[in-house]
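To find a chain, count down the sequence lines: A is the first, B the second, and so on, and within it residues start at 1. Reckoned from all heavy atoms, side chains included, excluding hydrogens, waters and symmetry mates.
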Amino acid sequence: MKGLRLHNSLSGDKEPFEPLHPPFVGLYVCGPTVYNDVHLGNCRTFLTFDILRRWLTWLGYRVRYVRNITDVGHLENDADDGEDKIGKKARLEQLEPMEVVQRYTVGFHEVMQRLNILPPSIEPTATGHIIEQIQMVEKILEQGLAYVVNGSVYFDVQAFEKRVGGYGALSGRKLDELIAGAGAGRRTLEGQDEKRHPADFALWKKASPQHIMRWPSPWGEGFPGWHIECSAMSTKYLGAEFDIHGGGFDLKFPHHECERAQNLACTGQGGPRYWMHSNMLTVQGKRMGKSEGNALWPRDIFSGDHPLLPRAYSPMTLRYMMMQAHYRSTLDFTPDALEAADKNLAKIREALGFLPHLTGSGVSDFSWSSWQDSLFEALNDDLNVPLACARLLEGLKHLHQVAHKQAHISEEDLEALRSFLPRFVEEVLGLQIQATAPSDASALQALENVMGLLIQLRNEARVSRNYALADQIRDRLQKVGIQLADSREGTTWHLQGSSSVS
RNA sequence: GGUUCCGUGGCCGAGGGGUUAGGCACUGGUCUGCAAAACCAUUUACAGCGGUUCGAAUCCGCUCGGAACCUCCA
């Protein structure tokens with residue numbers, strides 16, 4: 001079996017993945033800016049790297065996963081002169097900035113948990129690393145690759161190009177083209193008088209009197225620039241050189257390009273050796289984004305309360321849906337895709353449900369071991385999750401045939417499958433199949449009793465051929481989200497989008 | 001204007017010079033009082049035009065269409 005290959009944005013190609021210090025892997029992912037609720041697009045990126053982390057772990061690597069919380073420093077416009085987003089939100093809502101940060105951080109964690117996106121090993125905040133950021137700015141200044149103007153510090157891209165070089169290597173741009181682009185009237189360059197060159201960017205910004213998030217620094221009161229936090233925190237926790245850096249495509253330029261330049265300027269090393277970028281989630285062909293005004297939030301999906309949606313879908317359904325496109329492709333969000341995901345998930349859930357009850361005999365008429373390899377191969381090939389899902393379902397189809405006595409599986413294969421399949425689904429794909437523990441056991445028991453009573457009443461109606469009543473009971477239960485299913489063994493019920501309760 | 005990417009059957013989406021992706025939906029069948037679920041069967045696609053090749057959806061060129069980045073955004 002081939003080893004793991006990952007697409008590296010630096011080379012634009014898939015490369016064999018070789019960690020610097022096996023079995024350890026350092027993974028850094030740009031986290032959310034906590035001035036708003038995370039939307040589905042954000043979730044997609046964090047899901048991508050959740051699965052990468054899970055897969056690396058499965059392969060036996062010991063992953064240190066650092067995903068930051070940006071709680072300061074991202075400005076409103078490109079002039080390096082706008083208002084801090086968190087500060088703005090705080091002013092609008094008359095809150096202390098850290099109240100804004102706290103609120104959306106908690107909300108972010110809640111969404112991550114529901115989607116079963118595991119917490120990172122370290123979740124550092126920008127405000128918690130002001131000192132490290134200042135130190136990094138000082139080092140860049142010492143190198144002569146930055147300059148101070150009026151209490152602000154700017155990265156000197158031209159000097160960097162002359163002495164170090166490689167600005168634009170990640171995003172595939174040339175410095176003069178950036179200026180040409182600027183000249184084409186596509187962006188306004190007002191308020192950039194302090195910069196020596198339009199491509200220069202702020203490392204530290206002087207705080208205006210009304211700016212509420214501010215810290216003392218060698219250059220006066222101010223706040224860190226847009227990109228320095230990730231350089232500072234990745235260097236602190238993973239080293240000047242580490243394995244993988246991930247984030248959304250939209251961060252490739254300028255954020256990651258600047259981050260890389262800062263690393264090179266400060267430590268002489270570019271930080272990560274592999275840059276991975278996860279593509280955008282689109283809605284009706286357009287990128288989902290806060291500024292596009294078409295953002296969908298996880299709560300819209302979970303509640304079904306959205307014009308695009310016919311009903312509510314569970315977090316796992318959403319997770320599975322987002323797993324249906326390769327991370328480097330855009331994924332168009334549609335209700336049909338959610339519906340399809342819901343059905344497939346039910347299929348997986350069912351297969352895991354009957355797996356323990358199967359009996360093995362004779363010789364398998366399906367090569368389970370090469371099937372398992374094919375799942376691994378898919379994930380090893382630049383984390384091809386959708387292909388792995390497709391192959392998973394193919395395997396489940398054979399399993400259904402076994403369950404229906406239309407195919408055979410040897411005892412040996414069955415035993416292997418029993419230890420492999422649930423682990424693969426839950427540990428690698430991160431699909432929570434087990435019904436979540438009820439928050440109120442006595443309420444659940446009461447529900448069980450009531451359902452038992454209803455099913456009994458309906459069956460009495462059926463025996464007396466009162467099908468009108470029987471169907472009415474079934475239909476009206478369905479309307480409140482409870483599905484009845486008749487079989488030879490009797491009638492079972494389940495809540496929409498969860499496993500069978502019986 | 002610059003850079004890059006994409007265009008696959010009713011829909012979503014893998015793959016990618018010669019062999020079935022998978023799923024959803026549809027249709028027929030089994031099962032059922034009827035449904036639902038499940039199982040079986042079935043549907044045969046790669047934007048258009050030209051080129052390379054024994055052979056192209058897959059490589060090259062052009063055309064058309066779409067998207068992303070160049071500005072805070074996952």
With centres under 5.5 Å and planes under 30° as the test, does A/Phe249 stack with B/A74?
no

Counting only side-chain heavy atoms from C-beta out, which of B/C72, B/G33, B/A74 sits nearest to A/Trp226?
B/C72

Looking only at side chains, do A/Asn279 and A/Ser329 share a donor and an acceptor under 3.5 Å apart?
no

Check whether the side chains of A/Asp332 and A/Thr330 place a donor and an acceptor atom closer than 3.5 Å, and report yes or no.
no

Just wondering, do A/Val425 and A/Ile433 contact through their side chains at under 4.5 Å, heavy atoms?
yes

So that I can tick it off, tell me whether A/Lys205 and A/Glu194 are bridged by a salt bridge, with the cut-off set at under 4.0 angstrom between side-chain N and carboxylate O.
yes

Please classify the nucleic acid contact of A/Gly247 as base, sugar-phosphate, or nothing, using heavy-atom distances under 4.0 Å.
sugar-phosphate

Its dot-bracket string being built from Watson-Crick and G-U pairs below 3.5 Å, with | for another strand and [ ] for crossing, RNA chain B has the pattern (((((((..(((.....[...)))..((((.......)))).....(((((..]....))))))))))))....

Using the side-chain heavy atoms of A/Arg474, tell me which of these nucleotides is nearest: B/C39, B/G33, B/C73.
B/G33

Quick one: which of B/A25, B/G23, B/A21 gets closest to the side chain of A/Lys343?
B/A25

Nearest-neighbour nucleotide for the A/Ala325 side chain, B/G13, B/G23, B/C70 considered
B/G13

Earlier contact from the 5' end, RNA chain B, for A/Pro32 and A/Ala468
A/Ala468

Closest nucleotide among B/A14, B/G22, B/A36 to the A/Ala485 side chain
B/A36

The nucleotide from B/A38, B/G33, B/A14 with an atom nearest the side chain of A/Ala470 is B/G33

B/C72, OP1 or OP2 - any side-chain N/O from A/Lys88 closer than 4.0 Å?
no

Under a 4.5 Å cut-off applied to non-hydrogen side-chain atoms, are A/Glu257 and A/Arg173 in contact?
no

Report yes or no: do A/Asp50 and A/Tyr65 form a side-chain donor-acceptor pair below 3.5 Å?
no

